[in-house]
Amino acid sequence: MLDHSGSPLASSLHEPVLRWYDANARVLPWREPGAGAWAVMVSEFMLQQTPVNRVLPAYRSWLERWPKPVDLAAAAPGEAVRAWDRLGYPRRALRLHAAAQAIVERHGGEVPDDHAALLALPGVGTYTAAAIASFAFGQRHAVVDTNVRRVLARALTGVAQPSISPTAADQRLATSALPADEPTAARWAVASMELGALICTARTPRCADCPIRSRCAWVRAGSPPYDGPPRRGQTYEGTDRQARGRLLAVLRAASAPVSKDMLDASWPDAVQRERALDGLVADGLVEPLARKRYRLPE
DNA sequence: CATTCGTGGAT
DNA sequence: TATCCAAGAAT
C-alpha cells in the first residue's frame, strides 16, 4: 500500500492545522452547509485576486439575482460586467457568464463535480478547478493558491516566500502534503489556505499564534529573510489598466449607450485612451455601436 | 517563463 | 506618500 500522506513532517502538520481551523475559521457565506457548488464557484471567481471583504457584498447580490447557472446564462453579458461593479479584472465577470452558459449547455445546468470538466470551463484554471472540486464536492485535490504556496514554502521548504509564480514543484509539494483520505484532504485544503490568510500572512506573519510554529522549517531556521530575485511591484497610476478601468466605469454607470465624447472625457491621453478602448472591445467587455456610441455587451 | 489584466485597503 | 498585495487565468 502506497502512503500518499507524504513526509512525516508534512503529515505532522495535519492535526494541529485542522484543530486550529475548527476553532478559528471565518464564517463566510460560501462555506455555509447549504451553499452549493454554484455559490462556491461564484465565490472562487470573485476571490481571484480580490480580497474577501470586498467580495462579500457583490457575492450576496450576485447570488440573489442569479441563484443558479441558468439564471446567469440567460442574462446579457454586460449585466454581469455591471454587477461585477469594482471588484477588478472585469474579464472574470465575462468568463463567469460564459462558464454559466457552458454549464447549461454541457452539464444540464449543474456545476460539474469532475475536475477535468471544471477545468474545461472558461475562467477555471488549475486552482479554481481543484477548489470547487474540494470545497463543494469534498474531493481530494491539491488546492494550490498563493496562501498554500506560502504556508508550504515556510513550513516545509524553510524559506520566507514561495517562488514568484506557481511552479510544478509547488504542485508536487502540495500533493505530497495532502492527507491520504478524501474527507481529511478536503478539510486540509481549506484549513491550510485559511492559515495562510489569517496567520501565515505575506507581510507580517503572526507566528506567535501559529499552530505549527514548533514544526515550521522556516521558524526553525531562524526566520531568514527572503533572498530571491526582487518581486516587481505592480504600478497602476497612468497604466492602460487604469485607463480601461476609467472607461468601463463610465459604461457601467450608464443605463443607455454612451457617446464617444463622454468616454473621451474620462481619460486625457488620446493615444492611450484609444488603445484601451480597442482593447476593451477586443476583449468583449465593450460593444461598439453606430454613430460612435458604446455600451456594455448585450 | 513573463506579461497582461482592476481596485482599494493596509502599512 | 509610496509600496505591497489580495482564494489566478489566459496568452
Side-chain angles (χ1 to χ4, degrees), chain A residues 25-26 28-31 39-59 81 84-96 98-99 118-136 141-151 160-171 174 189-198 200-206 226 229-252 266-267 275-276 278-280 282-286:
Chain A
R26 290 169 292 182
L28 297 170
W30 46 86
R31 287 180 181 165
V40 171
M41 180 168 164
V42 169
S43 78
E44 289 305 333
F45 269 72
M46 292 185 169
L47 287 164
Q48 290 168 3
Q49 299 287 282
T50 302
V52 167
N53 287 331
R54 197 139 31 103
V55 161
L56 283 169
Y59 166 87
V81 173
W84 199 253
D85 196 32
R86 288 175 301 184
L87 291 181
Y89 294 148
R91 291 189 294 192
R92 291 181 293 164
L94 235 36
R95 290 175 183 151
L96 181 52
L118 287 165
L119 197 53
L121 297 172
V124 176
T126 308
Y127 161 77
T128 302
I132 296 171
S134 179
F135 302 162
H141 294 282
V143 182
V144 188
D145 76 327
T146 184
N147 290 305
V148 169
R149 294 203 308 122
R150 188 173 55 248
V151 167
Q161 300 290 346
S163 53
I164 293 178
S165 54
T167 64
D170 294 334
Q171 278 291 331
V190 240
S192 56
M193 191 176 309
E194 189 80 336
L195 186 68
L198 299 184
C200 195
T201 54
R203 202 95 57 99
T204 313
R206 303 170 53 195
Y226 175 73
R231 311 168 90 80
R232 75 176 258 288
Q234 357 162 278
T235 52
Y236 184 59
E237 281 295 318
T239 61
D240 284 12
R241 286 152 81 172
Q242 187 181 30
R244 287 167 57 109
R246 291 283 174 78
L247 294 169
L248 206 58
V250 171
L251 292 162
R252 274 200 312 265
S266 69
W267 192 261
R275 187 169 62 228
D278 287 348
L280 288 169
D283 290 344
L285 284 163
V286 172

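Residue numbers start from 1 in every chain, and the chains themselves are labelled A, B, ... in the order their sequence lines are given, proteins ahead of strands. Keep in mind it's a predicted model, so treat the numbers as computed, not measured.
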Chemist: Want to settle it: does Val52(A) or Pro122(A) sit nearer the 5' end of DNA chain C, counting the closest nucleotide to each?
Modeler: Val52(A)
Chemist: Want to settle it: does Arg95(A) or Gln161(A) sit nearer the 5' end of DNA chain C, counting the closest nucleotide to each?
Modeler: Gln161(A)
Chemist: Applying side chain to side chain contact (heavy atoms under 4.5 Å, CB included), run through Phe135(A) and Met193(A) and close with a yes or a no.
Modeler: CA-CA 12 Å; Phe135(A) 302 162; Met193(A) 191 176 309; 3.6 Å; yes
Chemist: Heavy atoms under 4.0 Å, any strand shown: does Thr146(A) hit a base, just sugar-phosphate, or nothing?
Modeler: sugar-phosphate
Chemist: For dA7(C) versus dT11(B), give the span between their P atoms, rounded off to a whole number of Å.
Modeler: 14 Å
Chemist: Which residue, Thr128(A), Val55(A), Leu87(A), Val42(A), forms the side-chain contact (heavy atoms from CB on, under 4.5 Å) with Leu47(A)?
Modeler: Val55(A)
Chemist: Can you find a pair of side-chain heavy atoms, one from Arg150(A) and one from Asn147(A), that are under 4.5 Å apart?
Modeler: yes
Chemist: Using a heavy-atom cut-off of 4.0 Å across all strands, would you classify Trp84(A) as base, sugar-phosphate, or nothing?
Modeler: nothing
Chemist: Evaluate the side-chain proximity of Leu56(A) to Trp30(A): yes if any heavy-atom separation is below 4.5 Å, no if none is.
Modeler: yes
Chemist: Would you compute the distance between atom CD of Gln171(A) and atom CZ of Arg149(A) and round it to the nearest 0.5 angstrom?
Modeler: 10.0 Å
Chemist: Would you indicate what Arg149(A) reaches in the nucleic acid, counting non-hydrogen atoms under 4.0 angstrom: base, sugar-phosphate, or nothing?
Modeler: nothing
Chemist: Contact boundaries of DNA chain C with chain A (under 4.0 Å, heavy atoms), 5' to 3'?
Modeler: dC4(C) to dA10(C)
Chemist: State, yes or no, whether a side-chain contact exists between Arg86(A) and Arg252(A) at a heavy-atom distance under 4.5 Å.
Modeler: yes
Chemist: Check whether the side chains of Tyr127(A) and Glu44(A) place a donor and an acceptor atom closer than 3.5 Å, and report yes or no.
Modeler: yes
Chemist: Side chains of Ile164(A) and Pro229(A): closer than 4.5 Å at any heavy-atom pair?
Modeler: yes
Chemist: In B/S/- notation, 5' to 3', how is nucleotides 6-11 of chain B contacted by protein heavy atoms closer than 4.0 Å?
Modeler: BBS--S
Chemist: Let's go through Leu285(A) and Val81(A) carefully: what are the C-alpha distance in whole Å and the side-chain angles of both, what is the deciding distance for side chain to side chain contact (heavy atoms under 4.5 Å, CB included) to 0.1 Å, and is it a yes or a no?
Modeler: CA-CA 7 Å; Leu285(A) 284 163; Val81(A) 173; 3.8 Å; yes
Chemist: Residues from residues 123-131 of chain A sitting under 4.0 Å of DNA chain C, heavy atoms only?
Modeler: Gly123(A), Val124(A), Gly125(A), Thr126(A), Tyr127(A), Thr128(A)
Chemist: Stepwise, does the side chain to side chain contact (heavy atoms under 4.5 Å, CB included) test hold for Gln48(A) with Tyr89(A)?
Modeler: CA-CA 9 Å; Gln48(A) 290 168 3; Tyr89(A) 294 148; over 6 Å; no
Chemist: Roughly, in whole Å, what's the span from CG in Leu94(A) to P in dC5(B)?
Modeler: 15 Å
Chemist: When the P atoms of dG6(B) and dT11(C) are compared, how many Å lie between them, rounded to an integer?
Modeler: 14 Å
Chemist: Check whether any side-chain heavy atom of Leu28(A) lies under 4.5 Å from a side-chain heavy atom of Val52(A), and answer yes or no.
Modeler: yes
